[in-house]
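Notes follow once the structure below has been shown.
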Amino acid sequence: MKKIILILSIFLLSIATISFAGDNVIKAAAGSWPPFMDPEAPKEGMCLEIIRAAYKQVGYTVEMDWVPWARAMDYVKKGKVDIIPDIWVTEDRKTFLTFSDAYAMNQIKIVKRADDPFVYTGIESLVGKKIGCVRGYSYGDEFSKSDKFIREDVTDFFTNIKKLTYKVPRIDLTLEDEIVGRVIIAKNAPQLLSEVVFCDPPVKSIPLYVAANQTDRGKKVIELFNEGLGKIMANGEYKVIMTAYGL
């Protein structure tokens with residue numbers, strides 16, 4: 001009886017292994033975040049171009065599901081998709097996600113109205129401010145855990161820009177990666193670029209990662225990405241992609 005159970009267990013394990021080996025599609029989900037993630041761009045943004053190139057090196061393709069950020073996180077948690085392509089590490093996320101090697105860097109900056117004399121000098125300078133954030137985003141643990149200011153969440157960055165630049169502003173400040181922020185404003189209302197300022201120094205310089213859940217499959221797809229990333233960095237493909245985006 002024990003021998004039969006052992007044989008059956010080996011058989012089922014072999015089926016699972018074959019099934020995974022034969023499944024050469026990595027399913028991803030995230031929201032629009034140009035130029036890093038852009039459903040309207042020919043190659044759907046820098047992040048996906050790097051990620052697809054990396055997975056191609058190890059024999060996998062990537063299918064993308066464009067959904068709001070919070071939903072993408074839920075999908076990964078529940079195993080409905082394999083990866084979030086563009087994510088930052090936080091202590092909370094470490095408890096349920098597996099992270100890849102870093103493959104890019106974001107500089108998150110406070111955005112103010114051009115006529116606002118406010119000077120950003122660090123978290124202490126934000127005391128009492130109402131700051132527009134994007135629901136589900138993390139801006140670094142120091143910012144996210146601070147109780148010195150008021151956060152007002154919306155679903156996307158451009159909504160915050162509109163709230164910031166109304167005749168009677170509804171928020172004092174917002175924040176975003178400068179490259180992303182400028183692209184979003186230029187796409188939706190280029191005239192507003194002259195009405196806002198991205199403040200130095202950055203709130204945070206944050207490495208960008210791919211993340212999956214902590215199942216065996218999740219850990220495997222991250223291992224595969226790291227392997228492929230190493231290959232495109234070695235063969236020059238990574239540099240070509242980054243240069244094309246001016247990075």
Side-chain angles (χ1 to χ4, degrees), residues 23-52 54-55 60-100 102-104 106 108 111 131-141 143-145 151-163 170-171 174-177 179-181 183-185 187-188 204 206-222 224-225:
D23 177 9
N24 66 339
V25 176
I26 304 295
K27 295 181 179 179
S32 177
W33 196 41
F36 296 98
M37 299 288 292
D38 188 355
E40 297 182 11
K43 296 184 179 179
E44 298 186 294
M46 185 202 80
C47 293
L48 272 182
E49 196 168 346
I50 289 172
I51 289 162
R52 284 185 167 131
Y55 276 119
Y60 285 74
T61 59
V62 177
E63 289 183 358
M64 185 67 201
D65 189 1
W66 294 98
V67 298
W69 173 260
R71 192 184 307 169
M73 184 74 80
D74 185 59
Y75 280 3
V76 169
K77 283 182 182 179
K78 294 177 178 177
K80 292 182 178 180
V81 299
D82 294 307
I83 62 170
I84 292 181
D86 55 329
I87 190 168
W88 304 322
V89 171
T90 67
E91 291 304 314
D92 176 62
R93 291 173 181 174
K94 286 180 183 179
T95 64
F96 61 90
L97 292 175
T98 301
F99 290 89
S100 70
Y103 69 91
N106 293 120
I108 310 305
V111 186
I131 303 176
C133 302
V134 176
R135 190 173 298 115
Y137 276 23
S138 170
Y139 302 96
D141 285 336
F143 180 91
S144 297
K145 294 177 179 179
R151 297 172 189 77
E152 191 165 296
D153 288 351
V154 296
T155 58
D156 63 89
F157 170 69
F158 188 63
T159 298
N160 280 326
I161 288 297
K162 289 189 290 184
K163 291 171 71 174
R170 298 183 185 178
I171 55 176
T174 185
L175 69 170
E176 180 57 277
D177 177 87
I179 295 172
V180 173
V183 168
I184 290 173
I185 297 169
K187 179 179 179 181
N188 290 279
K204 185 80 173 177
I206 308 179
L208 194 60
Y209 303 84
V210 175
N213 62 28
Q214 294 182 348
T215 62
D216 289 343
R217 178 177 173 90
K219 292 173 183 176
K220 182 63 176 178
V221 298
I222 294 301
L224 289 167
F225 173 74

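Just so it is clear, the values below take in all heavy atoms, side chains as well, and ignore hydrogens, waters and symmetry mates. Position 1 is the first residue of the sequence; numbering continues from there.
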Is N106 reaching over with its side chain to a backbone N or O of I108, donor-acceptor style, under 3.5 angstrom? no

Can you see which heavy atom on L175 is nearest to which on G132, and at what distance? CD2-O, 3.7 Å

Just by distance, do the side chain of R135 and the backbone of W69 share a donor-acceptor pair under 3.5 Å? no

State which residues pass side-chain contact (heavy atoms from CB on, under 4.5 Å) with D92; sequence neighbours excluded, sorted by chain then number. T90, T95, F96

Relative to each other, are the rings of Y139 and F143 parallel, tilted or perpendicular (30° and 60° limits)? perpendicular

Knowing that exactly one of I84, D86, I51 qualifies, which makes a side-chain contact (heavy atoms from CB on, under 4.5 Å) with M37? D86

Who pairs with D82 by side chain to side chain donor-acceptor pair (under 3.5 Å), at least two apart in sequence or on another chain? R217

For A211, enumerate each residue passing the side-chain contact (heavy atoms from CB on, under 4.5 Å) test, keeping only those at least two apart in sequence or located in another chain. I87, L97, F99

Given K78, K77, R71, the one that forms salt bridge (Lys or Arg N to Asp or Glu O under 4.0 Å) with D74: K78

Please identify each residue that fulfils side chain to side chain donor-acceptor pair (under 3.5 Å) with R52, with sequence neighbours left out. E44

Non-neighbouring partners of K187 that pass side chain to side chain donor-acceptor pair (under 3.5 Å), sequence neighbours left out: E40

Tell me the closest heavy-atom pair linking A29 and V67, and the distance in Å. CB-CG2, 4.1 Å

Counting only heavy atoms not in K163, do more than 12 sit closer than 6.0 Å to its NZ atom? yes

Applying side chain to side chain donor-acceptor pair (under 3.5 Å) to K219 and not counting sequence neighbours gives none

Rounded to the nearest 0.5 Å, how far apart are CD1 of I222 and OG1 of T98? 6.5 Å

Smallest separation among heavy atoms of V221 and A212, with atom names: CG2-CB, 3.8 Å

